[in-house]
Amino acid sequence: GQDATNVWDSSYMGVWHLDETPANDAAGHIDSTSNTTNDGTPTNFAGSSGSTTDATGKISGADEFDGSDDVVSTSTDASIKPTGAMTVEMWGKGVSSSTSIAGVGTAGASGTRGYMVGPDNADRVLFGIAEDSTTQVTAVVTGLSLTGTVFEHYVGVYSPSTYLRI
């Protein structure tokens, strides 16, 4: 195993390797940081062709999402909604089958920050921040050739009032 205390310091809000194999709708994707209790729960994996929480990953196990409605959700705890500068990243292989982003993030509402980074179905990678329910900024990289056959590393970096980068 890993030494979470000495690897993931308190600035990490969450790290999910998705190498566990929980059943659909059962918590089981462990937050590796041990800084929070934001373990993930896979939803909509049961009965979907191309969906599994037991896929082959780049380093270890992985989840295979169908690109339509599969999600791994965590709590809505404030610990995964930072208020200052932040970096959000993910490894993925594939593109969204809808106009939504197929990535990682959290919804914001009632004055709390929301964010999302990942590819959509138009060969674009997007990173968006919603500071509250009315203020949103988005960075977009277009003209990519996302094939869904190789792993891609997506990173969004945000510094309030300074920059938003992919």
Side-chain angles (χ1 to χ4, degrees), residues 2-19 29-43 57-60 62-63 65 67-166:
Q2 65 178 300
D3 179 2
T5 303
N6 292 310
V7 173
W8 309 110
D9 67 33
S10 62
S11 64
Y12 286 87
M13 302 297 178
V15 175
W16 297 270
H17 292 103
L18 305 182
D19 58 349
H29 282 311
I30 307 302
D31 175 4
S32 297
T33 66
S34 77
N35 295 330
T36 65
T37 56
N38 292 316
D39 295 343
T41 302
T43 304
K58 184 75 171 171
I59 297 171
S60 186
D63 284 5
F65 297 80
S68 175
D69 63 354
D70 296 349
V71 297
V72 174
S73 58
T74 65
S75 71
T76 57
D77 191 80
S79 66
I80 57 173
K81 295 185 183 225
T83 57
M86 64 186 292
T87 300
V88 180
E89 62 183 293
M90 68 169 276
W91 281 93
K93 183 168 121 176
V95 295
S96 177
S97 63
S98 69
T99 56
S100 299
I101 299 173
V104 62
T106 184
S110 302
T112 63
R113 176 184 284 174
Y115 52 88
M116 178 67 78
V117 66
D120 68 4
N121 69 344
D123 280 341
R124 302 180 306 177
V125 174
L126 294 86
F127 177 46
I129 298 282
E131 284 295 341
D132 53 44
S133 59
T134 60
T135 307
Q136 179 176 331
V137 291
T138 304
V140 180
V141 177
T142 62
L144 304 173
S145 294
L146 305 174
T147 65
T149 59
V150 296
F151 282 96
E152 303 281 349
H153 187 211
Y154 306 108
V155 181
V157 181
Y158 176 65
S159 177
S161 303
T162 308
Y163 58 81
L164 180 75
R165 298 180 180 148
I166 297 178

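This one's a predicted model, so the numbers in the text were calculated from it and none came from an experiment.
Across all non-hydrogen atoms, the minimal contact from V117 to M90 is O-SD, 3.8 Å. F127 and R165 make their closest contact through CD2-O, 3.6 Å (heavy atoms, listed as atom of the first residue, atom of the second, distance). Minimum heavy-atom separation, D63 to V72: OD2-CG2, 3.5 Å. Closest of all the heavy-atom pairs between I30 and W16 is O-CD1, 3.8 Å. The shortest non-hydrogen separation linking A85 to S159 is CB-CA, 4.2 Å.
Note on ring orientation: taking the six-membered ring where Trp is involved, the planes of F151 and W91 are perpendicular (angle over 60°, cut-offs 30° and 60°).
At least one side-chain heavy atom of Y163 sits less than 4.5 Å from a side-chain heavy atom of V157. Residues I129 and M86 have side chains in contact (heavy-atom distance under 4.5 Å, counting atoms from C-beta outward).
A donor-acceptor pair is defined here as one N or O able to donate and one able to accept, closer than 3.5 Å; no such pair exists between the side chain of D31 and the backbone of D39.
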